[in-house]
Amino acid sequence: MERNNFLKAKNTYLKEALIQQNMRELLFNFLEKKHYKNVLDIGTNQGEFAKLIKEKITFNSFDCLDINHNEEFFLNSEFNFICSDFLAYESCKKYDLIISNACLQWLDFKKAIIKIKKLANDDSVILLSTFCTGNLYQIKDFFNISLDYLSVEKIQNIIKKYFPNSYCFCKDYKLSFKSAIDCFRHLKNTGVTGFARVNLNKQILKDYELKYKNTLSYKCVFIIINPSLNQYS
């Protein structure tokens with residue numbers, strides 16, 4: 001699956017990315033309504049999570065970071081857009097709120113968590129989501145195409161090493177479509193496909209429909225770090 005497909009899908013992503021929308025809304029529910037001095041959104045894309053977050057909080061600065069040149073979505077806004085690979089990003093300031101929705105699967109997860117630890121204060125609130133082994137298993141099984149997802153256990157072990165008081169859990173989602181071609185159109189329109197070398201002929205579409213009933217399964221992991229809370233609910 002190719003990362004630069006997000007650029008090709010920028011005009012269709014927000015409409016089609018239903019799972020990513022559910023993921024950010026779930027993270028949003030864990031956010032306390034208060035003032036945060038410095039905020040960082042990792043893998044901001046078009047700022048869809050940042051724009052949701054800003055309606056609930058106040059802040060001094062809000063940095064939105066993405067590897068793609070998405071400056072056009074942040075013109076005349078309250079956000080500071082930064083075009084950078086997160087693992088190469090350096091900042092002299094610390095962030096007391098760090099968010100990232102459906103992005104960390106593109107990165108070396110352990111290195112990303114170490115970087116987040118470096119950028120965070122001891123009492124920072126951190127809200128993250130990503131995907132784990134079993135995500136889009138139909139595509140992996142049928143085409144042998146997949147990102148190298150970590151297992152949920154591996155993700156939990158890494159998180160607990162650097163943030164012992166974190167809350168990490170998995171949630172499954174399933175989308176059903178009218179036809180097999182609608183499944184693949186959805187993937188293309190959310191920028192997560194890797195089918196450039198695949199010929200989606202009628203037989204392939206028929207076989208996919210018979211085997212998977214025109215469904216796609218998402219396996220998502222949510223990471224909540226909030227030292228001010230004694231327990232999570």
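This is a predicted model, so every value here is computed, not measured.
Nearest heavy atom pair, residue Asp66 against residue Asn68, reads OD1-N, 2.9 Å.
Annotation: side chain to side chain contact (heavy atoms under 4.5 Å, CB included) contacts of Glu71 (sequence neighbours excluded): His69, Phe81, Cys83. By the side-chain hydrogen bond (donor to acceptor under 3.5 Å, both in side chains) test, Asn135 pairs with Tyr149, sequence neighbours left out. With sequence neighbours excluded, the residues forming a side-chain hydrogen bond (donor to acceptor under 3.5 Å, both in side chains) with Asp63 are Asn80, Lys93, Tyr95, listed by chain and number. Residues satisfying the side-chain hydrogen bond (donor to acceptor under 3.5 Å, both in side chains) test with Asp172, not counting sequence neighbours, are Lys219. Under the rule for a side-chain hydrogen bond (donor to acceptor under 3.5 Å, both in side chains), Ser100 has no partner lying at least two apart in sequence or in another chain.
Panel note: side chain Asn70, backbone Phe73; no donor-acceptor pair is recorded below 3.5 Å. Using a distance-only test at 3.5 Å, with no hydrogens or angles considered, a donor-acceptor pair links the side chain of Lys94 to the main chain of Lys118.
The shortest distance between side-chain heavy atoms of Phe143 and Leu136 does not fall below 4.5 Å. Leu128 is not listed as a side-chain neighbour of Val221, based on a closest heavy-atom distance of 4.5 Å or more. Annotation: side chain of Leu18 is not in contact with side chain of Tyr173 (no heavy-atom distance under 4.5 Å). Put simply, the side chain of Gln21 does not reach to within 4.5 Å of the side chain of Glu48, judged on heavy atoms. Residues Arg24 and Ser129 have side chains not in contact (no heavy-atom distance under 4.5 Å, counting atoms from C-beta outward). Inter-residue side-chain proximity for Tyr212 and Tyr137 is flagged as met; some heavy-atom pair is nearer than 4.5 Å.
Ion pairing between a basic and an acidic side chain is recognised when a charged N comes within 4.0 Å of a carboxylate O; Glu209 and Lys178 show no such pairing.
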Listed pairs under 3.5 Å, donor-acceptor, residues 52-59 side chains, sequence neighbours left out:
{"from": "Lys54", "atom 1": "NZ", "to": "Glu78", "atom 2": "OE2", "distance (Å)": "3.2"}
{"from": "Lys56", "atom 1": "NZ", "to": "Phe28", "atom 2": "O", "distance (Å)": "3.1"}
{"from": "Lys56", "atom 1": "NZ", "to": "Leu31", "atom 2": "O", "distance (Å)": "2.7"}
{"from": "Thr58", "atom 1": "OG1", "to": "His35", "atom 2": "ND1", "distance (Å)": "2.8"}

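Here the SG atom belonging to Cys168 is positioned 5.0 Å from the CD1 atom belonging to Ile223, to the nearest 0.5 angstrom.
Checking Phe49, Phe74, Phe79 one by one against Thr44, the side-chain contact (heavy atoms from CB on, under 4.5 Å) holds for a single residue, Phe74.
Ring centroid separation for the pair Phe184 and Tyr208 comes in under the 6.0 Å cut-off.
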